[in-house]
Each structure stands twice: as structure tokens, then as C-alpha cells.
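Written out below as C-alpha cells is the structure these notes cover.
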Amino acid sequence: MVVRMDQCSVLNGCGRVELFGCGSVAQSVLSRNSLGEPLTIHIGFSVGLMMAAYVAGGVSGGHVNPAVSLAMVILGKLKIWKFPFYVIAQFLGAFVGAAAVFGLYYDAFMEFTSGILSVTGINATGHIFASYPARHLSVLGGFIDQVVGTGMLVLCILAIVDEGNIGAPKGVEPLAIGLIIMAIGVSMGLNCGYPLNPARDLGPRLFTAVAGWGMEVFSTADYWWWIPVAGPMVGGVVAAVIYYLLIELHHHRDEPDKPAEEEEEEEEDEEDEDSSLKDKYEMITMS
């Protein structure tokens, strides 16, 4: 029952990320930038992730990204048997969120594309749901982009939730995490749009494959699709290792308080020593 509730909250959270995030992209693209721009997209994804964390945080810890969940498993902050259940829920949530965006803007999609859903071309709409590389980006460059971007995301999240670090005030953590996404979006979005989340990218891509865009969503750009899946997972692992070795391992840890019984025994020993010294002093003075 606990796992089922966790899965429901994770699915709900991922769906909200897609609805706000992909919805902001859809509004920008389908209105031909008259009702949106890059900044509104950054705000959509940032606020979407923040709201997902607020909604799902109390039940599942706000896990909406497999890369972050894997980092938590490596650091012992998430039980490994929960990981596959979370990942399944994350992919399903992203799939459902993409379907919700398509349903919400179905008429706009048909008017914009004349009923022809495509990944490339002047009326391309596949990039509304999943990431595709810019023309200048190589496969290696894309992989590095995802490792670095996701690594920064995971490092910052670990710092925010680390009780041994400065952290963020209780209840403000989702806001801080949303600001991380905003910072990454305005500084690392040129190459491929900062997917940073295997579920957020592959789930909607699977939806587009079955909703009318076809297998072109996987074959485009020399089979780009695996980069935003593998890259973030590697970035999450690297970030977890770096944070543990350079930060968490060096936290100042206070010695555990001694049990009350031990303290009482020490006090009794001290009293015995004082009384014995007093007896010796009295014997010396009498002599």
C-alpha cells in the first residue's frame, strides 16, 4: 500500500511537470510565439517542477526524475527496492502529462499542422514534447551537455536537502529547486533544451510515437533519443559521487550523547573518588 501511494504521488508529480512545462512550449509554438517565448517556457518548467515537489513531496519525497532518484539510492537516501517502482511511475506520469497537453491543444495542433504531425519542417511539433538537438550539436557534445546539466541539477538538490549543509528552510525546498531549473534553462538550454530527466523526455517521446508522429521521433538526428536518457543518468551518478566525496564526507558530526545511565555511573564514580580523597585527607590531619 505504501509503494502504491508513493507511485501515485510520483505519477501525479510527473504529470504536473509535463502539463506546465510542455504546455508552455505548446502555447509558444502553436501561437507562433505570439503567446509565448523562451522565458515563458523556462517559467513553465520551473513552476511545474516546483508544484510537483509541493504536491508529491509529503508522500514520496517529490521524486519526479530517475536521475535524482538514482543519486539518492547511491547515497543511501532512497531504498533500492523502491527505485524501479518510482521510475515506472515517473515514465507513466510523463506519458499521461504529454497526453493531457495534446488533448488540451488538439484543435490548435490540427490547425497548426493541417493534420500532419511531424518532427522536422516548418510546421514541426514533435519538439513540443521531447528534446531534439540544435544543428551545431554533435552526439558527444549532446551527451556531455546532459551529463553536465543534470550533474549541476543533482548537486544543487543534494545541497538543498542535506541536513548537514546550510540547506533551505522547511517548505521552501521546492521553490529553491524550481530556481535551479530556471538557472539551468537560461544558461544551458541552447544545445538541446535542457531535458535533464529521462522520464520527462522518453515518456512524452513514446506518446508522440503512438499519437501520430511515428517512429521518426526516435530516428531523427541520428537516433538522438537515447542521449537525454543515458546522459542524465550518468550525470546523476557522477554528481552523487562528487557530492559525497567533496561535501558530505566532510560534515562535522557531533559525538552522540551518552546514555543517562552512563552519566549517572560517571557521577557516582566521581563522588566515590571525592569521598576517598576526603577520607585520606582527614587521616593525614589526624595523624
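In this chain, residues are counted from 1 in sequence order.
- A donor-acceptor pair is defined here as one N or O able to donate and one able to accept, closer than 3.5 Å; such a pair exists between the side chain of H250 and the backbone of L245.
- Interatomic distance, CG of N123 versus CD of E111, reported as 9.5 Å (0.5 Å rounding).
- The line from CD1 of I177 to CG of L49 is 6.5 Å long, rounded to the nearest 0.5 Å.
- Side-chain contact between I157 and E173: absent, with no pair of heavy atoms (C-beta onward) separated by less than 4.5 Å.
- V234 and L202 fall within the same hydrophobic cluster, where Ile, Leu, Val, Met, Phe, Trp and Tyr residues are linked whenever their side-chain heavy atoms come under 4.5 Å apart, directly or through other members.
- A 6.0 Å sphere centred on OH of Y244 holds no more than 12 heavy atoms belonging to other residues, nucleotides or ligands.
- Taking the side chain to side chain contact (heavy atoms under 4.5 Å, CB included) definition, one finds that T125 meets it with L30, F109, F112, T113, L117, I128, W213, sequence neighbours left out.
- For the side-chain contact (heavy atoms from CB on, under 4.5 Å) with P232, the qualifying choice from P66, P195, P198 is P198, the only one to do so.
- A donor-acceptor pair shorter than 3.5 Å can be found between the side chains of S69 and Q90.
- A donor-acceptor pair under 3.5 Å links the side-chain atoms of N197 to the main chain of A199, judged by distance alone.
- With rounding to the nearest 0.5 angstrom, the CG atom of L137 is 6.0 Å from the SG atom of C192.
- The two residues I160 and A176 come nearest to each other via the heavy atoms CD1-CB, 3.6 Å.
- Ring-plane geometry between W225 and F218 is classed as perpendicular, the angle between the planes exceeding 60 degrees on a 0 to 90 degree scale with a lower cut at 30.
- S28 contributes no side-chain N or O that, together with a main-chain N or O of V25, makes up a donor-acceptor pair within less than 3.5 Å.
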- request: Determine, step by step, whether K82 and H63 satisfy the side chain to side chain contact (heavy atoms under 4.5 Å, CB included) criterion, reporting the C-alpha distance in whole Å, the side-chain angles of both residues, the deciding distance to 0.1 Å, and the verdict.
  value: CA-CA 11 Å; K82 285 187 176 183; H63 286 266; over 6 Å; no
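- In this structure, V154 is not a member of the same hydrophobic cluster as M50, with clusters built from ILVMFWY side-chain heavy atoms closer than 4.5 Å.
- Looking only at distances, no side-chain donor or acceptor of Q146 sits under 3.5 Å from a matching main-chain atom of I144.
- Following chains of ILVMFWY side-chain contacts shorter than 4.5 Å, one cannot reach V68 starting from M182, and the two form parts of different hydrophobic clusters.
- Remark: side-chain polar atoms of Y86 are not paired, donor with acceptor, to backbone N or O of N65 under 3.5 angstrom.
- Looking at every heavy atom in both residues, A239 comes nearest to G151 through CB-O, 3.4 Å.
- Here CG of L153 is found 4.5 Å from CD1 of I184. Values are rounded to the nearest 0.5 Å.
- Scanning both residues, S24 and G21, for their nearest heavy atoms gives OG-O, 2.5 Å.
- A donor-acceptor pair under 3.5 Å is absent between the side-chain atoms of N165 and the main chain of A159, judged by distance alone.
- Using a distance-only test at 3.5 Å, with no hydrogens or angles considered, no donor-acceptor pair links the side chain of T150 to the main chain of V147.
- The two residues F85 and W81 come nearest to each other via the heavy atoms CD1-O, 3.1 Å.
- Rounding to the nearest 0.5 Å places CG of D201 at 9.0 Å from CZ of F91.
- Using modelled atom types, one side-chain atom of T208 and one backbone atom of R205 make a donor-acceptor pair closer than 3.5 Å.
- L196 is not connected to I43 by any chain of hydrophobic side-chain contacts under 4.5 Å among Ile, Leu, Val, Met, Phe, Trp and Tyr, and they are in different clusters.
- Pairing each heavy atom of T40 with each of G36, the nearest pair is OG1-CA, 3.5 Å.
- The main-chain N or O of V64 is never found under 3.5 Å from a side-chain atom of R200 such that the two would form a donor-acceptor pair.
- Residue pairs satisfying the ring-ring contact (aromatic ring centres under 6.0 Å, His included) criterion with at least one member in residues 31-53, sequence neighbours excluded, are listed as follows: H42-Y194.
- The NZ atom of K77 sits 4.0 Å away from the CD atom of E248 when rounded to the nearest 0.5 Å.
- Summarising the local packing, CZ of F20 is surrounded by 12 or fewer heavy atoms from other residues, nucleotides or ligands at distances under 6.0 Å.
- Cluster membership for L190 and Y132, using ILVMFWY side-chain heavy atoms within less than 4.5 angstrom, is not shared.
- Enclosure of atom CD in E216 by more than 12 non-hydrogen atoms of other residues, nucleotides or ligands within 6.0 angstrom is indicated.
- Checking each of L75, I80, V237, L78 against L70 for a side-chain contact (heavy atoms from CB on, under 4.5 Å) leaves exactly one that passes, namely V237.
- Counting all heavy atoms, side chain and backbone alike, E18 lies closest to P204 at OE1-CG, 3.2 Å.
- Under a 3.5 Å cut-off, the side chain of Q27 and the backbone N or O of L35 do form a donor-acceptor pair.
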